[in-house]
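The block underneath contains the structure these notes are about, expressed in structure tokens.
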Amino acid sequence: MEKSEELLECSRAWIELDLQALEHNVEELTKVISIHQIMAVVKANAYGHGMIEIAKKLEQIGINNYAVATLEEGIHLRKGGIKGNILILGYTPIEHLSLVITYDLIQTIVDYSYAKKIDALSLDKKIKAEIKVNTGMNRLGETINHIDKMKEMYTIKNLDVVGIFSHFASADSMIDEDIQFSKQQIREFEQVVDMLKHDGYKVGRVHLQSSYGLLNYASFRGDFARIGIILYGVHSSIEVTPSIELNLKPVLSIKARIASVKTILENTSVSYGRTFIAKKPMTIATITIGYADGIPRCLSSKEVYVKVKDKFARVIGRICMDQMMIDVSDIPMVSQGDVVEIIGKDALISCEYLAYQAETITNELLCRLGTRLPRVIKKQ
Ligand SMILES: *Cc1c(COP(=O)(O)O)cnc(C)c1O
């Protein structure tokens, strides 16, 4: 890359990826499962991190199994040079299934009727697929007691069934009723797998847990755990603590610039809607990031901070599409062009804290980060 282009990436607002932290998180995970049991969930552009940057690093570390949500994401991974197994977790329209073969992907069989439609196709190669079993999420999957239908899926001429899996509905919950429900899901899934095995079916890869499924129900032994959010070094929420606590390091941080610094008088309003009125004279700064970059507008007037010169400055007034304002009254020497950290490793600017203030989970906050933010790999 040309020097000037490299400079351009850090000109306004950008995502910085700490790939060392990613490697650290994988190491932490190997306290619970082996590296070969990690199915890295890299859907939604690797939770906003950048799918290829993340998958390349994971491949280098030795991870060979990936999950994505869509056919397009699977193709994107392959075109990015990823060689391992790629499972599409979601529905792919029947008329697009030939691309699953072309790009050597694995399609989820969302239910029996989907399998029958595949059976009716004329294909010159089998589609690699995994059976989804519905154990209580009630989103995708064949009903647990339809064992005969699942057996039939294993015999369909157009299908090469290489696995079977299910998904927890509330693996993160600490409420007893939810825990009982999750345990029931485990029992029922195990029963399905055992029955199929007992009747001589080669079930293939068996998996059930996602991040919280692994951390709260580690005793379930599958061939894989589908790990998304914790791979990126953040918990979904600060409101629940999983049974196994790993020392995770966030992979992503977001940086922007100070565009302008000004002093304002008492009773001056700041930003759209004039929701913020200065109670005293202040020094404020405008920074080069806004809700088009994925900073939720609903954080306006919440207690939210950014980091400037190793201090924390509160966000004031409405967050705009491309800019937002902060109070730098107590931070000396803030000047135009300075770099500001919006999301980072400190608790006050952590993704978890921002998600909490935005009344959502980190998964949503991260995957909604704006496409116009360039990704820069942190130099180690
Ligand atoms: C997104 C997803 C995951 C990963 O979930 P995390 O909580 O981010 O680990 C696993 N399995 C399925 C079916 C998913 O849709």
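We count ligands from 1, going down the list as the structure has it; atoms in each ligand are counted the same way.
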| atom 1 (C) of ligand 1 - nearest protein heavy atom and its distance | Lys43 NZ, 1.4 Å
| Is there a nitrogen or oxygen of Tyr212 sitting under 3.5 Å from a nitrogen or oxygen of ligand 1? | no
| With a cut-off of 4.0 Å, which atoms of ligand 1 are near a heavy atom of Asn363? | 8 (O)
| Would you say the side-chain atoms of Asp322 pair up with the backbone N or O of Gly290, donor to acceptor, closer than 3.5 Å? | no
| query | Does a salt bridge link Glu27 with Lys249, judged by any charged N lying under 4.0 Å from a carboxylate O? | reply | no
| field | Selected option - heavy-atom contact closest to atom 6 (P) of ligand 1, from Phe168, Phe165, Tyr47 | value | Tyr47
| note | The atoms of ligand 1 lying under 4.0 Å from a heavy atom of Leu89, numbered in the order shown, are 12 (C), 14 (C), 15 (O)
| request: Could you check Ile326, Leu348, Ile331, Val306 and say which one makes a side-chain contact (heavy atoms from CB on, under 4.5 Å) with Phe312? | output: Leu348
| Using the ring of each side chain (for Trp, its six-membered ring), is His207 parallel, tilted or perpendicular to Phe224, with breaks at 30° and 60°? | perpendicular
| said: Counting only heavy atoms, tell me which of Lys132, His207, Gln209, His167 gets closest to atom 12 (C) of ligand 1. | reply: His167
| For atom 11 (N) of ligand 1, which protein heavy atom lies nearest, and how many Å away is it? | Arg226 NE, 2.8 Å
| message | Can you tell me which portion of Ile230 lies within the under-4.0 Å heavy-atom range of ligand 1? Options are side chain, backbone, both, or neither. | response | neither
| Between His49 and Tyr232, is the ring centre distance below 6.0 Å? | yes
| task | Indicate yes or no for a side-chain donor-acceptor contact from Gln323 to the backbone of Thr286 under 3.5 Å, with no hydrogens or angles considered. | result | no
| query | Are the side chain of Lys56 and the backbone N or O of Gly80 linked by a donor-acceptor pair below 3.5 Å? | reply | yes
| Can you tell me the protein heavy atom closest to atom 9 (O) of ligand 1 and the distance? | Ser211 OG, 2.5 Å
| message | Is it the case that atom CD in Glu266 sees more than 12 heavy atoms from other parts of the structure closer than 6.0 Å? | response | yes
| task | Return yes or no for this condition: an N or O of Ile229 is under 3.5 Å from an N or O of ligand 1. | result | yes
| query | Quick one: which ligand 1 atoms are inside 4.0 Å of a heavy atom on Arg139? | reply | 13 (C), 15 (O)
| Non-hydrogen atoms of Met137 versus ligand 1: any pair closer than 4.0 Å? | no
| task | Decide, yes or no, whether a salt bridge links Glu59 with Lys83 under the criterion of side-chain N to carboxylate O below 4.0 Å. | result | no
| Should Ile227 be counted as touching ligand 1, given the test is an N or O pair under 3.5 Å? | no
